[in-house]
Amino acid sequence: ITLFTSAPKAKFYSELFLNLDLSEFPNKTASTGRNGYSKRSLLCAFIVMKCEGFSYITDLLDYLQNNLLIAYYCGFDIREPLPSYWTFDRFINNTDNQLLKNIMSSQVKKLEAMGIIDTSFIALDSTPVNANTKLNNPKSFAKNKFSKDNQPKSDYDCGLGVHTASNQHNERNFEYYWGYKNHILVDCITGLPIYEETTTADISDSTVALDILGKTNEFISVKECTFIADKGYDVKAIYNTVKDVYSGDCVIPLNKRNSKKTRLVNEHPICEAGLMMNKDGKTYDNGRTRQKYSCPYKLSKTQECPCNHKNWNNGKKCRGCTKYISLPDDYRLSIDRECISFKKIYALRTEAERYNSRFKQTGQERLWTHSFNVAQNLCTLAHISLLAVAFAAVITNSQNSFRALKSVKRIA
């Protein structure tokens with residue numbers, strides 16, 4: 001059987017499974033088949049599927065049948081027929097996702113104990129996972145493909161999301177899709193995942209950030225961390241939680257949210273008529289403090305508004321335009337985003353982008369499944385596979401290439 005499998009690849013999977021701890025995963029046999037198959041063996045087969053970048057179970061079956069040595073390393077009895085397509089399908093459908101998350105957390109704790117993973121600089125980002133529906137096909141002529149009322153019949157669990165192609169404020173390059181999101185918390189030093197969560201595509205990134213940090217802190221401390229994220233996570237609750245609960249710092253750019261830039265002269269705004277506006281008290285709402293500015297002629301009985309503003313002849317005593325400027329009295333607005341240290345730390349967020357690329361190479365860009373539970377399991381298995389590759393590379397003294405799956409295979 002070794003004649004059909006290259007020696008480096010056989011050595012790669014041998015070391016991978018020898019250093020993969022599956023003690024927290026039940027080893028009972030599946031309920032189907034004459035004698036049944038070990039669930040750990042089926043799990044190892046799916047790890048092979050992700051390491052090889054296969055998107056379908058049929059590709060995995062063909063690969064195992066042509067490389068019986070790798071099937072043997074997975075734990076199958078190669079003297080008997082390998083599991084059928086439906087055995088793999090039932091396994092991935094019926095497996096509890098929490099069991100897979102426990103395996104991933106144990107891998108992260110081991111890498112932390114070895115000094116590989118650190119939570120000093122962590123970045124959170126999400127990547128889209130397209131559902132298996134014709135509505136995602138750009139050549140589909142279906143009407144109202146991306147309408148909320150047009151739920152795909154092939155997947156009733158998926159949601160409608162939007163994927164932006166750039167983080168620039170002035171670019172509107174985006175596209176809609178039906179599917180899911182995989183939220184990944186990454187160590188910015190090693191580029192390895194720490195925690196992951198799969199949601200439907202209609203869930204906003206900022207709404208799951210605090211939940212992810214809380215669940216991560218349960219098995220690995222994120223105290224005194226530097227939390228890095230893009231403008232989609234520019235929410236005051238995230239800043240305050242990272243600062244007050246975890247004693248950390250946030251490196252997140254401001255989301256302008258379609259706000260207009262106000263022209264200032266001596267820290268006073270200029271009205272539409274070109275006049276410097278006067279301070280007119282402060283307002284306190286929604287946990288923020290805003291300085292109010294009003295028209296300099298609002299109480300004058302002789303002066304007229306040079307631009308004849310719509311609020312000038314409103315019949316009220318206090319006439320003219322008003323403007324509000326938020327005062328930097330909270331942690332979110334007190335951050336200096338123009339300093340060199342902020343820009344250098346924010347540049348570490350590219351590690352999250354690089355990991356998203358490696359995650360998609362495992363065959364996760366488009367799903368073949370039709371349910372939310374399977375989408376969760378496949379995403380978690382992809383992270384387990386990449387962490388297992390990194391752990392095996394460290395054990396075999398290949399630290400320089402544990403980020404790249406292909407290079408680890410070549411030098412195995």
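Keep in mind the model is a prediction, meaning the values are calculated, not measured. Position 1 is the first residue of the sequence; numbering continues from there.
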Could you tell me whether the side chains of [X] and [Y] share a donor-acceptor contact shorter than 3.5 Å?
X      : Y      : result
Thr380 : Asn97  : yes
Asn182 : Glu196 : yes
Asp155 : Thr133 : no
Thr207 : Ser204 : no
Ser371 : Asp157 : no

Does any non-hydrogen side-chain atom of [Y] lie less than 4.5 Å from one of [X]?
X      : Y      : result
Glu52  : Tyr63  : yes
Lys279 : Lys292 : no
Val186 : Asp125 : no
Cys295 : Leu275 : no
Ile189 : Ser120 : no
Leu367 : Asn130 : no
Thr198 : Phe372 : yes

For [X] against [Y], the heavy-atom pair lying closest together:
X      : Y      : answer
Tyr331 : Gly248 : OH-O, 4.2 Å
Val389 : Phe12  : CG2-CZ, 3.8 Å
Trp178 : Ser147 : CZ2-O, 3.2 Å
Ile78  : Leu68  : CG2-O, 3.4 Å
Ala209 : Tyr233 : CB-CD2, 4.0 Å
Ala375 : Thr369 : N-OG1, 4.3 Å

Kindly say whether [Y] contributes a backbone atom to a donor-acceptor pair with the side chain of [X] at under 3.5 angstrom?
X      : Y      : value
Gln151 : Cys158 : yes
Asn132 : Trp368 : yes
Ser385 : Leu381 : yes
Thr200 : Tyr180 : no
Arg40  : Phe25  : yes
Lys134 : Ser154 : no
Gln291 : Gly281 : yes
Asn67  : Leu69  : no
Lys323 : Met277 : no
Asn102 : Gln98  : yes

Do [X] and [Y] have ring centres separated by under 6.0 Å?
X      : Y      : value
Tyr195 : His383 : no
Tyr324 : Tyr293 : no
Phe88  : Phe46  : yes

Item checked: Residue pair Asp77, Tyr37: steps toward the side chain to side chain contact (heavy atoms under 4.5 Å, CB included) verdict -> CA-CA 9 Å; Asp77 185 359; Tyr37 297 95; over 6 Å; no
Next item on the list: Please test Thr216 against Leu213 for side chain to side chain contact (heavy atoms under 4.5 Å, CB included), starting from the C-alpha separation and ending with a verdict.
Entry: CA-CA 5 Å; Thr216 305; Leu213 288 175; 5.7 Å; no
Margin query: What verdict does the side-chain hydrogen bond (donor to acceptor under 3.5 Å, both in side chains) test give for Asn373 and Asn93, after you've listed the backbone C-alpha separation in whole Å, the side-chain angles of each residue and the deciding distance to 0.1 Å?
Written below: CA-CA 7 Å; Asn373 186 55; Asn93 273 279; over 6 Å; no
Lys/Arg N to Asp/Glu carboxylate O, [X] vs [Y], below 4.0 Å:
X      : Y      : value
Arg354 : Glu351 : yes
Lys181 : Glu197 : no
Glu353 : Arg358 : no
Asp234 : Arg332 : yes
Asp21  : Lys110 : yes

To the nearest 0.5 Å, what is the distance between [atom1] on [X] and [atom2] on [Y]?
X      : Y      : atom1 : atom2 : answer
Ile228 : Ile252 : CD1   : CD1   : 9.5 Å
Thr362 : Met49  : OG1   : CE    : 9.0 Å
Asp118 : Leu111 : CG    : CG    : 12.0 Å
Tyr73  : Leu64  : OH    : CG    : 14.0 Å
Leu43  : Ile103 : CG    : CD1   : 5.0 Å
Ser41  : Tyr72  : OG    : OH    : 11.5 Å

Next item on the list: Assess whether side chain to side chain contact (heavy atoms under 4.5 Å, CB included) is satisfied between Lys50 and Leu378, documenting all intermediate values.
Entry: CA-CA 9 Å; Lys50 293 306 167 187; Leu378 289 175; 4.1 Å; yes
Next item on the list: Show your working on salt bridge (charged side-chain N to carboxylate O under 4.0 Å, His left out) between Glu24 and Lys101 and close with a plain yes or no.
Entry: CA-CA 10 Å; Glu24 297 186 11; Lys101 277 188 168 59; over 6 Å; no
Notebook entry, point to check: Taking it one step at a time, do Thr190 and Asp187 satisfy side-chain hydrogen bond (donor to acceptor under 3.5 Å, both in side chains)?
Noted result: CA-CA 6 Å; Thr190 61; Asp187 174 18; 2.8 Å; yes
Next item on the list: Go through Lys243 and Asp249 one step at a time and tell me if the salt bridge (charged side-chain N to carboxylate O under 4.0 Å, His left out) criterion holds.
Entry: CA-CA 6 Å; Lys243 183 175 183 291; Asp249 296 319; over 6 Å; no
Is it the case that atom [atom1] in [X] sees more than 12 heavy atoms from other parts of the structure closer than 6.0 Å?
X      : atom1 : result
Leu18  : CG    : yes
Tyr176 : OH    : no
Lys360 : NZ    : yes

Checklist line | side chain to side chain contact (heavy atoms under 4.5 Å, CB included) between Leu192 and Tyr355, worked out | finding: CA-CA 7 Å; Leu192 295 176; Tyr355 181 78; 5.6 Å; no
Tell me which donor-acceptor pairs under 3.5 Å the side chains of residues 218-227 have, and how far apart each pair is, sequence neighbours excluded?
unit_1, atom_1, unit_2, atom_2, d
Ser221, OG, Lys223, N, 3.2
Lys223, NZ, Val245, O, 2.7

